[in-house]
Amino acid sequence: MTSTAPKGTTIANWTDNGNNLIAFSRGDKGWVAINNESGTVTQTFTTGLPAGAYPNVACSGTVTVGSSGRATVTVPGKSPVAIHTGSTPQPNDKQATVYYRTGWTTANIHYGINGTWTTVPGVPMETACTGWKKKTITLGSATSFKTVFNNGSGTWDNNNGNDYTLGTGTSTVGIVTPNATNPCGN
């Protein structure tokens, strides 16, 4: 049998749920979960990968890895989930670009797609321009998602407990505008 694992990496972050699901990483280059159970399994795994959204190269959808290298993943029955660094969204995957207006130095976006949320505190946003942070999220086949924001130090913006519901394309939050244009003009 020939290995197709990322070259120069070792197996790490081994998970065995004691039934018929295993998961492991190959260094900080790739991660896979294999579910031989008849039903889905949702669990938080240590992936070893850097924070970001990665397309599931074994099937469809996206796995979002938090800053701790952990991701909450739903693995369908009799199916794998596999992600790796350097992967790009699949051609039919939908995307959303979120601009968040804030005075925070650091901003994280914590979001859920089809009920599967990123690991707290979420994924770091980058500075887009003065007063705005930005993050592009791959949604897989989903057309909307729920999100909240935090500064990484315990302060949250959760839309007064209602979460924000956003769709594909560009949205601004702080001045909530779906189907918005880039507030930074670039």
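What's counted below: heavy atoms across the whole structure, side chains too, no hydrogens, waters or symmetry copies. Because the structure is predicted, anything quoted here is derived from the model rather than measured.
- In this structure, Trp14 and Ile11 approach most closely via the heavy-atom pair CE3-CG2, 4.4 Å.
- Of the N and O atoms on the side chains of Thr165 and Ser144, not one donor lies less than 3.5 Å from an acceptor on the other residue.
- Taking OG of Ser141 as the reference point, atom CG of Asn114 lies at 6.5 Å (rounded to 0.5 Å).
- With values rounded to the nearest 0.5 angstrom, Ile34 atom CD1 is found 4.5 Å from Ile22 atom CD1.
- Between Lys146 and Asp163 the shortest heavy-atom distance is CD-OD2, 4.1 Å.
- Taking the six-membered ring for Trp, Phe45 and Trp31 have ring centres closer than 6.0 Å.
- For the pair Leu139/Phe145, a side-chain contact is recorded, criterion being any heavy-atom separation below 4.5 Å from C-beta on.
- Judged by distance alone, with hydrogens and angles left aside, the side-chain atoms of Asn158 form a donor-acceptor pair with the main-chain N or O of Gly161 at under 3.5 Å.
- A distance of 10.0 Å separates CE of Met125 from CH2 of Trp132, quoted to the nearest 0.5 Å.
- For Ser68 (side chain) and Gly66 (main-chain N/O), no donor-acceptor pair under 3.5 Å exists by modelled atom type.
- Between the side chain of Thr155 and the backbone N or O of Asn150 there is no donor-acceptor pair closer than 3.5 Å.
- In terms of heavy-atom proximity, Ser25 sits nearest to Thr47 at CB-O, 3.0 Å.
- Listed here is the closest heavy atom pair of Thr147 and His110: OG1-O, 3.2 Å.
- In this structure, the side chains of Asn108 and Val120 stay at 4.5 Å or more apart for every pair of heavy atoms.
- Looking at Thr44 and Arg70, their side chains never bring a donor and an acceptor atom within 3.5 Å of each other.
- The shortest distance between side-chain heavy atoms of Gln95 and Thr168 does not fall below 4.5 Å.
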(message) Assess the residue pair Thr15 and Gln43 against the criterion (side-chain contact (heavy atoms from CB on, under 4.5 Å)); give the C-alpha distance rounded to whole Å, side-chain angles, the decisive distance to 0.1 Å, and a yes or no.
(response) CA-CA 10 Å; Thr15 300; Gln43 187 171 326; 3.4 Å; yes
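- Between the side chain of Asn35 and the backbone N or O of Lys78, no donor-acceptor pair lies under 3.5 Å.
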(request) Starting from the C-alpha separation in whole Å, work towards a yes-or-no answer on side-chain contact (heavy atoms from CB on, under 4.5 Å) for Leu49 and Ile83. (result) CA-CA 9 Å; Leu49 273 63; Ile83 59 175; 3.9 Å; yes
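- Taking every heavy atom of both residues into account, Val32 and Ala82 meet most closely at CG2-CB, 4.1 Å.
- Between Asn159 and Val148, every side-chain heavy-atom pair lies at or beyond the 4.5 Å cut-off.
- Counting heavy atoms from C-beta on, the side chains of Thr85 and Pro50 come closer than 4.5 Å.
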(message) side-chain contact (heavy atoms from CB on, under 4.5 Å), that's the test. Do Trp117 and Thr72 meet it? Break it down for me.
(response) CA-CA 7 Å; Trp117 284 77; Thr72 300; over 6 Å; no
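- Val123 and Ile113 fall within the same hydrophobic cluster, defined by Ile, Leu, Val, Met, Phe, Trp and Tyr side-chain heavy atoms under 4.5 Å apart, directly or through other members.
- Looking at Leu21 and Val75, their side chains come closer than 4.5 Å, going by heavy atoms from C-beta outward.
- For the atom pair OH (Tyr99) and OG (Ser171), the distance works out to 11.0 Å, reported to the nearest 0.5 Å.
- Nearest heavy-atom pair, Val81 versus Asn56, reported as atom, atom and distance to 0.1 Å: CA-OD1, 3.6 Å.
- Using a 4.5 Å cut-off on side-chain heavy atoms (C-beta onward), His84 and Val57 make contact.
- Val73 is not listed as a side-chain neighbour of Thr42, based on a closest heavy-atom distance of 4.5 Å or more.
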(request) Show the numbers, then the answer: is there a side-chain contact (heavy atoms from CB on, under 4.5 Å) between Lys135 and Thr97? (result) CA-CA 6 Å; Lys135 188 66 180 176; Thr97 300; over 6 Å; no
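- There is a side-chain donor-acceptor pair under 3.5 Å between Thr64 and Tyr111.
- Atom OG1 of Thr118 sits about 8.5 Å away from atom CD1 of Ile137, to the nearest 0.5 Å.
- Put simply, the side chain of Lys133 gets close to the backbone of Thr105: a donor and an acceptor are under 3.5 Å apart.
- Using modelled atom types and a 3.5 Å distance limit, the side chains of Tyr100 and Asp157 yield a donor-acceptor pair.
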